[in-house]
2 protein chains.
Amino acid sequence: MPIPHVADPLGVILLRLQRSLERELIQGLQAGGYPDIRMRQLSVLDAVGADGAKAAALAARFDMTKQSMGELIDDLERSGYLGRAQDPSDRRARILELTPRGKVATEQCRQIVQAIERRYESLIGASRYHETRMSLAALLEHLEDGPVS
Amino acid sequence: MPIPHVADPLGVILLRLQRSLERELIQGLQAGGYPDIRMRQLSVLDAVGADGAKAAALAARFDMTKQSMGELIDDLERSGYLGRAQDPSDRRARILELTPRGKVATEQCRQIVQAIERRYESLIGASRYHETRMSLAALLEHLEDGPVS
DNA sequence: TGTACTTAGTCAGGATACCTGACGATCAGG
DNA sequence: CCTGATCGTCAGGTATCCTGACTAAGTACA
């Protein structure tokens, strides 16, 4: 009855996989005690990491506007996962860094993410999973190199 | 400088690929004369297809609420791509079907989608592309069979 | 040194795609 | 004929994006 997804356009497959994964992650985060971290925020926390980062660089890295990134960052700051420090070499800019709480959360969330990925891996086999992952990453790299020109 | 995506969690890769593809599709639809069709709507049109469909079934197929689906359908109807007919065997239900205009649009959009997919195919090679596509579909199938239980 | 361009970040406002909850109408099974 | 499921809708809310306009600050160069 449910038409097999091989027939679906790639966009539909990607969309549904992404939504499915996001749902599972949200569940995992809630179970793990982080009901206030949303998926996109997690990417940001991950990217800020140990080294800190600047908002504009993050926006570029995730291919979104400064405004959208700004909102994610505001929320993360309000929740106490992220702090802002003046950039001594540029008075316009602020350097983002994880708070201690943010560091703990990032590490635990990373493990939740890995658990989900391990489950996915087991569903279609490790080698096939990793090949798929690599191919997707390669595709993305190509797309970002030469957009549509 | 841009950290390679192989290191990114799967969710991030999927999300960015999906966004990238969606952007390209929107561009293609605009160039093709369908500036008022959005990506999610396209899936719906495609699913309604030649045979027609009912809203509740579509919602189930795309794993979303009837309300959300209802909104997509409303918009498609308002734009003249979709019509509703009374289901003779169930007075609650309406059967959705493509209008003539909807049929033309669906066919042309399908070609736009295919052009994009062919481009993707050329970026990482046909066999690798198709393997990836199959693996993703398989993964999705597994996920939908046994959710998280 | 001043002028022009670029860049960092914010404010305001809006579109899209989802959701939950509640509801009226209808169907289907005992 | 009652009970519970199902079809679709209304109302209202949230998350994640966007465009456009703006201030403040850096950068380059004649």
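Protein chains get the first letters and strands the later ones, always in sequence-line order, with residue 1 at the start of each. Since we're looking at a predicted model, the values are computed, not measured.
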Item to complete: Go through the steps to decide whether B:Q86 and B:I95 satisfy the test side-chain contact (heavy atoms from CB on, under 4.5 Å), and finish with yes or no.
Response: CA-CA 6 Å; B:Q86 259 300 333; B:I95 295 171; over 6 Å; no
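- Protein atom CG of A:D36 is 11 Å distant from nucleotide atom P of D:dA15, rounded to whole Å.
- The pair B:R84-B:E97 fails the salt-bridge criterion, with no side-chain N (NZ, NE, NH1 or NH2) lying under 4.0 Å from an Asp/Glu carboxylate O.
- Looking at B:R19, its side chain does come within 3.5 Å of a backbone N or O of A:D63 through a donor-acceptor pair.
- Here the P atom of nucleotide C:dC23 and the CD atom of B:Q67 are 14 Å apart, to the nearest Å.
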Kindly give the atom pairs (protein nitrogen or oxygen, nucleotide nitrogen or oxygen) under 3.5 Å for nucleotides 6-8 of chain C.
unit_1	atom_1	unit_2	atom_2	d
C:dT7	O2	A:R92	NH1	2.2
C:dA8	N7	A:K66	NZ	3.2

Practice prompt. Report the C-alpha separation of A:S43 and A:F62 in whole Å, then their side-chain angles, then the decisive distance to 0.1 Å, and conclude whether the side-chain contact (heavy atoms from CB on, under 4.5 Å) test is met.
Written response: CA-CA 9 Å; A:S43 328; A:F62 288 102; 3.7 Å; yes
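- Atom CD in B:E71 sits about 12 Å away from atom C1' in D:dG12, given to the nearest Å.
- Two residues, B:L72 and A:G70, neighbour DNA chain C, and the one matched to the more 5' nucleotide by heavy-atom proximity is A:G70.
- Here the P atom of nucleotide D:dG8 and the CD atom of B:Q86 are 10 Å apart, to the nearest Å.
- B:L96 places its CG atom 13 Å from the P atom of D:dC7, with the value rounded to the nearest Å.
- By the neighbour-count criterion of 12 heavy atoms within 6.0 Å, atom CZ of A:R94 is sparsely surrounded, having that number or fewer from other residues, nucleotides or ligands.
- We find that CD1 of B:I73 is positioned 8 Å from P of D:dG8, with the value rounded to whole Å.
- For the pair B:D74 CG and D:dC7 P, the interatomic distance rounds to 17 Å; values are reported in whole Å.
- B:R91 has a side-chain polar atom (N or O) that falls below the 4.0 Å cut-off from OP1 or OP2 of C:dC27.
- Not a single donor-acceptor pair under 3.5 Å links the side chain of B:S68 to the backbone N or O of B:M64.
- The residue among B:T65 and A:R84 whose nearest nucleotide of DNA chain C is located toward the 5' end is A:R84.
- With rounding to whole Å, B:M39 atom CE is found 13 Å from C:dT16 atom C1'.
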Discussion item. The test is side-chain contact (heavy atoms from CB on, under 4.5 Å); show your working for B:D87 and B:D90 and say whether it passes.
Written reply: CA-CA 5 Å; B:D87 182 341; B:D90 185 341; 4.0 Å; yes
